[in-house]
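Worksheet: the structure to be examined is printed underneath.
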Amino acid sequence: FLSRSTTSRINSSYFYKNTALELGTIYSADCTFLIYNCKFEKNYANLGGGLVVDRTAKGNLIGGSFVDNSARVRGGGIALRGLASLDISETTIGPGNKVLDKRIAEGGGISINAFTFLTMTNAVVYNNTATVGGGIAATDQSVLKVTKSHISSNQASDGGGIGILASVEFAISKSKFTNNSAVYRGGGIYTDHTNCPINETHWWLCIALDNVHYVGNAAVSGGGFYWKFINSTTGALSTSVSSDLKCPGCTGSYNIPSM
């Protein structure tokens, strides 16, 4: 337990087959921490099998891996909630992280919700499983920013690689999705919005993509990328292509169906 008003550093450690009834092998709240080059393997909790970042905690995760961890409801490997923030770099999330309760399972590798903030750079997220967001799930008013990362071979019902729900701000750049799969929508990415509400009648564009490459992803709809569009002035819901969502430098090949 990394507790209130503390600063902690954990180096080159191995967390193996730990079980928590509720919150994570490591639970952090209202603190700052650095976890460097650690391995989390075959741990279990109700939420966040390997790591939970909660309340106003601010963390850095550098290097290391999360392998075969599981949670009952969210975040097989890692879960963020409250106002927490986490910066991940050079870390491998997978293989084998999963969420067990299929009715509410979000984020096989990582789950973020509420008002949390996750940045991920030069990371690998692969072969994780959930109902929404096999690799990563983001919900509520959280913020997810991904750069120079590889999302591969994750599975879900919606959002094999990444699932984006509610009013999440999502930006991804210079990253690659390969061989992810969804039973229904979004083999690579599924998002149920492109704009976030400013008020009852107006929205702003809160989904940003550039130089994203989709290869060999599969779903019933949107092998590479599936999205819905909320009009920025009228609020009309449509699944048609939105004129304001752009993806400069993006490519796709061998997705089923194509992007």
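- With Thr91 contributing its side chain and Gly63 its backbone, the two residues share a donor-acceptor pair below 3.5 Å.
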### Task
Would you please test Phe225 and Ile162 for side chain to side chain contact (heavy atoms under 4.5 Å, CB included) and show each step?
CA-CA 10 Å; Phe225 178 38; Ile162 296 178; over 6 Å; no

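- Side-chain atoms of Ser149 never come within 3.5 Å of backbone atoms of Val146 as a donor-acceptor pair (strictly under, hydrogens ignored).
- The side-chain heavy atoms of Asp140 and Phe115, taken from C-beta on, include no pair separated by under 4.5 Å.
- Ile207 places a side-chain heavy atom less than 4.5 Å from the side chain of Thr191.
- Remark: the backbone N or O of Asn69 is paired with a side-chain donor or acceptor of Asn97 at under 3.5 angstrom.
- Of all heavy-atom pairs spanning Asn43 and Tyr16, the tightest one is OD1-C, 3.6 Å.
- Residues His150 and Val125 have side chains not in contact (no heavy-atom distance under 4.5 Å, counting atoms from C-beta outward).
- No side-chain heavy atom of Ile112 sits under 4.5 Å from any side-chain heavy atom of Thr139.
- Within a 6.0 Å radius of CG in Leu21, no more than 12 heavy atoms belonging to other residues, nucleotides or ligands are found.
- Checking side-chain atoms of Asn217 against main-chain N and O of Ile256 turns up no donor-acceptor pair under 3.5 Å.
- Contact between Ala138 and Ser142 at its shortest, heavy atoms only, is CB-OG, 3.9 Å.
- Ion pair Arg81/Asp54 flagged as a salt bridge, since at least one NZ, NE, NH1 or NH2 atom sits closer than 4.0 Å to an Asp/Glu carboxylate oxygen.
- Side chain of Ser70 to backbone of Gly49: no donor-acceptor contact under 3.5 angstrom is found.
- Nearest heavy-atom pair across Phe33 and Ser28 is CE2-OG, 3.3 Å.
- With values rounded to the nearest 0.5 angstrom, Asn46 atom CG is found 7.5 Å from Leu23 atom CG.
- Seen from the ring of Tyr36, Arg9 counts as a face-on cation partner, given the 6.0 Å and 45° thresholds.
- Using a distance-only test at 3.5 Å, with no hydrogens or angles considered, no donor-acceptor pair links the side chain of Ser152 to the main chain of Tyr126.
- Glu41 places no side-chain N or O within 3.5 Å of a backbone atom of Lys39 that could act as its donor or acceptor partner.
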### Task
Please assess Arg72 against Asp101 for the test salt bridge (charged side-chain N to carboxylate O under 4.0 Å, His left out), listing each intermediate value before the final yes or no.
CA-CA 5 Å; Arg72 188 179 71 85; Asp101 190 335; 3.2 Å; yes

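- In terms of modelled atom types and a separation under 3.5 Å, the side chain of Asn195 and the main chain of Trp203 share no donor-acceptor contact.
- In this structure, Phe117 CZ and Ser85 OG are separated by 8.0 Å, a value rounded to the nearest 0.5 Å.
- A donor atom on one side chain and an acceptor atom on the other are found under 3.5 Å apart for Ser173 and Asp210.
- The backbone N or O of Asn60 lies less than 3.5 Å from no partner atom in the side chain of Asp87, so there is not a single donor-acceptor pair.
- Separation of atoms SG (Cys247) and CG (Asn211) is listed at 8.0 Å; rounding is to 0.5 Å.
- Of the candidates Asn128, Asn127, Thr129, Pro95 forms a side-chain contact (heavy atoms from CB on, under 4.5 Å) with just one, namely Asn127.
- By the criterion of side-chain heavy atoms lying less than 4.5 angstrom apart, applied directly or through intervening Ile, Leu, Val, Met, Phe, Trp or Tyr residues, Val67 is not grouped with Leu61; the two fall into different hydrophobic clusters.
- Considering all non-hydrogen atoms of both residues, Gly160 and Ala182 come closest at N-CB, 3.9 Å.
- Taking 4.5 Å as the limit, some side-chain heavy atom of Ile78 sits within range of a side-chain heavy atom of Phe66.
- Note: Glu169 CD to His193 NE2 = 9.0 Å, rounded to the nearest 0.5 Å.
- With rounding to the nearest 0.5 angstrom, the CG atom of Leu80 is 5.5 Å from the CG atom of Leu86.
- In this structure, CD in Glu106 is found 11.0 Å from CG in Asp158, a value given to the nearest 0.5 Å.
- Looking at heavy atoms from C-beta onward, Ile62 lies in side-chain contact with Leu34 at the 4.5 angstrom threshold.
- Contact annotation: the side chain of Leu51 never approaches that of Tyr27 to less than 4.5 Å [non-hydrogen atoms, C-beta and beyond].
- Counting heavy atoms from C-beta on, the side chains of Cys31 and Ser3 never come closer than 4.5 Å.
- When the shell of 6.0 Å around NZ of Lys17 is examined, it contains 12 or fewer heavy atoms from other residues, nucleotides or ligands.
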